[in-house]
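On a predicted model such as this, the values are computed, not experimentally measured, just so you know.
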Amino acid sequence: MRILFLSPEVLPVSRVGGLAEYSHDLPLALGELGHQVDIVAPRLRMKPKVEAMLIDQGIRLEVPVSRRWHRAYVQSLPLSDQVTIHLIGHDHLFDREGLYGNSFGDYEDNAERFVFFCRAALELAAKKDKPLDVIHANDWTTGLIPMFVKTLYKEEPVFEKAGCLMTVHNLASMGLFWHYDMPLLGLGWEYFNPEAIEFYGKISFLKAGLVFGDVLSTVSPTYGREILTPEHGHGLEGLLLHRKYKMTAILNGVDYKSWNPANDPALAANYSPDHLDPKAECKQALCKRFGLTIEPGRPLAAYVGRLLDRRGMDILSPTLETLLDMGLGLVIMGQGDDRYQSRLLELAKLHKGSIGVHIGFDTGLERTLISGADMVLLPSRSEPCGMHQLHSLRYGTVPVARATGGLQDTVRDHSSDQGGTGFVFHKYCAKDFMAAMKRALDAFDQKEQWREIMRRGMTQDFSWDASLPKYIDLYERAQAARLGQGGV
């Protein structure tokens, strides 16, 4: 198959969340099966080392947005013989501090930015003039793609047989804009209605993808059920229920070639389920990195991710000092709400030696945290799939997680008859989170029991091997639906 894969972020050129890893690993896995995948993403501000890897293809695009024409350039980065990243360059729109916004909030011109990106991606595909089999769009920033393919670009031969898959990674981010942005789309006002892209008086880019996509998917079975409810549907549950027959839930995978503690060069020491002792060296390295004075027998927990309420910060933050008093060491890496960033930095000053904080995200440091910690904290209110628990299980770092979305699908509680891989709580409150923490700390004191939990987690299989055939099937169904052959 020839696949056009669209994402706002992709490793190694950009990363905000787990979507960047997904957008790198899934195409590579598809490429290994012989499929040709062109990944298209915005060219964002990046580190000089990554920028030096880019190849200017000499391609220039004239992209219409409303009554204006934007000039764009294209740079590429081959990932394999079958997979190439193509970056759409427009410095005024994308050479900025952040992808979606900065410390003051979302960028006010995000509608224009991502209308431009969607149209530029399709202009690039049309210019390459190679017929596509599948177009895979991801989240709200690419939600206009299925609609544009069936309207503005319906006469383009390269898209004639291309089925469109719309994947929802986070339904809460819908790409909502006021109706005055409608002219940016280049479409008539007849599309501004509840049956198309109107959402309570606003435009929803994500809804466009859900309405016009040939098939739909999301990233874990539990999340696929949750978004059909008012609690997690964010007002789109009615639409999703109506299109349930088009929806497939496929659990995200992990590239176990990269995420392997037995040979990961980023670790202070390598280890495996049958050779766990070197993990203690990783713990020492993590303590040294953050100046922690944690004795070897004292438990050390990590939190990696966005510092937001939906990631559980509103129940985690009030418990931090209690956890420290209970003897737990803490390392936290992330960024988000200023109130949480400020509180964490203040705690790091008050409890120097027991808590380390890094504001921001560093992929190399993530591996240091995941390998060096004894447990990882995942108290999310909502978690479509989550990657940190999958990495942690692979590295023998035991999750303490709330039963929601992909966390529920991947972390099995220690009380399970089959033997657990972590400690799970259900009700979203600090009390239940602390009860799970108490169980985890009690188990940590039973060293051989703890090692068994570690080993069970490390031998779970969340590689792409299980998920990849499901995506191939979904692509075939998308193309069949596009050609009017059923398949959904």
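Side-chain polar atoms of S76 and T84 form no donor-acceptor pair below 3.5 angstrom. No donor-acceptor contact under 3.5 angstrom links the side chains of S392 and T397, judged on distance only. Between the side chains of Q479 and D133, at least one donor N or O sits under 3.5 Å from an acceptor N or O. No hydrogens or angles considered: nothing links the side chains of R306 and S380 as a donor-acceptor pair under 3.5 Å. Side-chain contact check for Y340 and D314: no donor-acceptor pair (N or O, by modelled atom type) lies under 3.5 Å. No hydrogens or angles considered: a donor-acceptor pair under 3.5 Å links the side chains of T410 and Q389. Side-chain contact annotation: T141 with D139, donor-acceptor N/O pair under 3.5 Å absent. For D432 and H426, the side-chain atoms include no donor-acceptor pair closer than 3.5 Å. No hydrogens or angles considered: a donor-acceptor pair under 3.5 Å links the side chains of E21 and H391. The closest side-chain donor-acceptor pair between E237 and T229, if any, does not fall under 3.5 angstrom. With no hydrogens or angles considered, no side-chain donor-acceptor pair links Q57 and H86 at under 3.5 Å.
Across all non-hydrogen atoms, the minimal contact from L474 to V215 is O-CG2, 3.9 Å. Across all non-hydrogen atoms, the minimal contact from L267 to R367 is CD2-O, 3.8 Å. The two residues N260 and K257 come nearest to each other via the heavy atoms CB-O, 4.4 Å. Scanning all heavy atoms of the two residues, the minimum distance from K427 to R402 falls at C-NE, 4.1 Å. Closest approach of P8 and S14 over heavy atoms only: O-OG, 4.2 Å. For F5 against V37, the heavy-atom pair with the smallest separation is CB-CG1, 3.9 Å.
Taking the centre of each ring, H136 and Y475 come in below the 6.0 Å mark. Here W189 and F192 bring their ring centres to under 6.0 angstrom of each other.
Checked by atom type and distance alone, the side chain of E198 pairs as donor or acceptor with a backbone atom of Y200 at under 3.5 Å. Side chain of T218 to main chain of G224: no donor-acceptor pair is present (N/O by atom type, distance under 3.5 Å, no hydrogens or angles). Counting only distance, with no hydrogens or angles, the side chain of K130 and the backbone of A125 share no donor-acceptor pair below 3.5 Å. One N or O on the side chain of E226 and one on the backbone of G405 form a donor-acceptor pair closer than 3.5 Å. With S7 contributing its side chain and S23 its backbone, the two residues share no donor-acceptor pair below 3.5 Å. When atom types are taken as modelled, the side chain of Q460 and the backbone of R456 share a donor-acceptor pair closer than 3.5 angstrom. The closest donor-acceptor contact from the side chain of S80 to the backbone of V83 lies under 3.5 Å. A distance-only check finds no donor-acceptor pair linking the side chain of D214 to the backbone of A481 [under 3.5 Å]. Between the side chain of K207 and the backbone N or O of P194, at least one donor-acceptor pair lies under 3.5 Å. T222 places no side-chain N or O within donor-acceptor distance of the main-chain N or O of G406, the cut-off being under 3.5 Å.
Put simply, the side chain of L4 does not reach to within 4.5 Å of the side chain of V134, judged on heavy atoms. At a threshold of 4.5 Å between non-hydrogen side-chain atoms, the residues V376 and V398 do not count as touching. M182 has its side chain within reach of I197: a pair of non-hydrogen atoms, C-beta onward, lies under 4.5 Å apart. Counting heavy atoms from C-beta on, the side chains of P42 and L87 never come closer than 4.5 Å. For the pair Q335 and F361, the minimum side-chain heavy-atom distance is 4.5 Å or more.
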Residues L210, L239; criterion side-chain contact (heavy atoms from CB on, under 4.5 Å); working and verdict | CA-CA 8 Å; L210 298 176; L239 172 66; 3.9 Å; yes
Evaluate the criterion salt bridge (Lys or Arg N to Asp or Glu O under 4.0 Å) for residue pair E383 and R311; output intermediate values, then yes/no.
-> CA-CA 7 Å; E383 189 66 75; R311 298 298 188 195; 2.5 Å; yes
Chi angles and distances behind the side-chain contact (heavy atoms from CB on, under 4.5 Å) call for L307, I359 = CA-CA 9 Å; L307 306 177; I359 301 300; 4.1 Å; yes
Does the pair D309 and R381 meet the rule for a side-chain contact (heavy atoms from CB on, under 4.5 Å), with working shown?
-> CA-CA 7 Å; D309 286 347; R381 177 185 298 167; 4.1 Å; yes
From CA spacing to verdict: side chain to side chain donor-acceptor pair (under 3.5 Å), E9, Y100 = CA-CA 10 Å; E9 53 187 277; Y100 309 108; 2.8 Å; yes
List the steps and the verdict of side-chain contact (heavy atoms from CB on, under 4.5 Å) for C164 and F212.
-> CA-CA 8 Å; C164 288; F212 288 89; over 6 Å; no
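Between atom CG of residue L152 and atom CG of residue L187 there is a gap of 4.5 Å, rounded to the nearest 0.5 Å. Atom CG of L77 and atom CD1 of I85 lie 5.0 Å apart (nearest 0.5 Å). Atom CG of L369 is separated from atom NE2 of H388 by 10.0 Å, given to the nearest 0.5 angstrom. In this structure, CG on L228 lies 7.0 Å from CE on M247, to the nearest 0.5 angstrom. With rounding to the nearest 0.5 Å, the separation of CG in D255 from NE2 in H24 is 7.5 Å. To the nearest 0.5 Å, atom NE2 of residue H414 and atom OG1 of residue T421 are 11.0 Å apart.
Listed by first then second residue, pairs satisfying ring-ring contact (aromatic ring centres under 6.0 Å, His included) with a partner in residues 30-77 read H70-H90, H70-F116, not counting sequence neighbours. Legend: salt bridge (charged side-chain N to carboxylate O under 4.0 Å, His left out) pairs involving residues 113-127, not counting sequence neighbours: none detected. Residue pairs meeting the salt bridge (charged side-chain N to carboxylate O under 4.0 Å, His left out) criterion with at least one member in residues 37-62, sequence neighbours excluded, are R2-D38, R43-E51, R45-D95, D56-R60, E62-R71.
Using a cutoff of 4.0 Å between basic side-chain nitrogens and carboxylate oxygens, D109 and R96 are scored as salt-bridged. At a threshold of 4.0 Å, the pair E112-R68 counts as salt-bridged, since one of the basic side-chain nitrogens sits closer than that to a carboxylate oxygen. With salt bridges taken as basic N to acidic carboxylate O contacts below 4.0 Å, one links D337 and R339.
With F114 as reference, W140 is the one residue of Y107, F177, W140, F205 to meet the ring-ring contact (aromatic ring centres under 6.0 Å, His included) rule.
The aromatic rings of Y395 and W259 lie perpendicular to each other, with more than 60° between the two planes, well past the 30° mark. Between Y153 and F159, the ring-plane angle classifies as perpendicular under the 30° and 60° cut-offs.
No more than 12 heavy atoms of other residues, nucleotides or ligands shown are found within 6.0 angstrom of NZ on K202. The environment of N263 atom CG is dense: over 12 non-hydrogen atoms of other residues, nucleotides or ligands sit within 6.0 angstrom.
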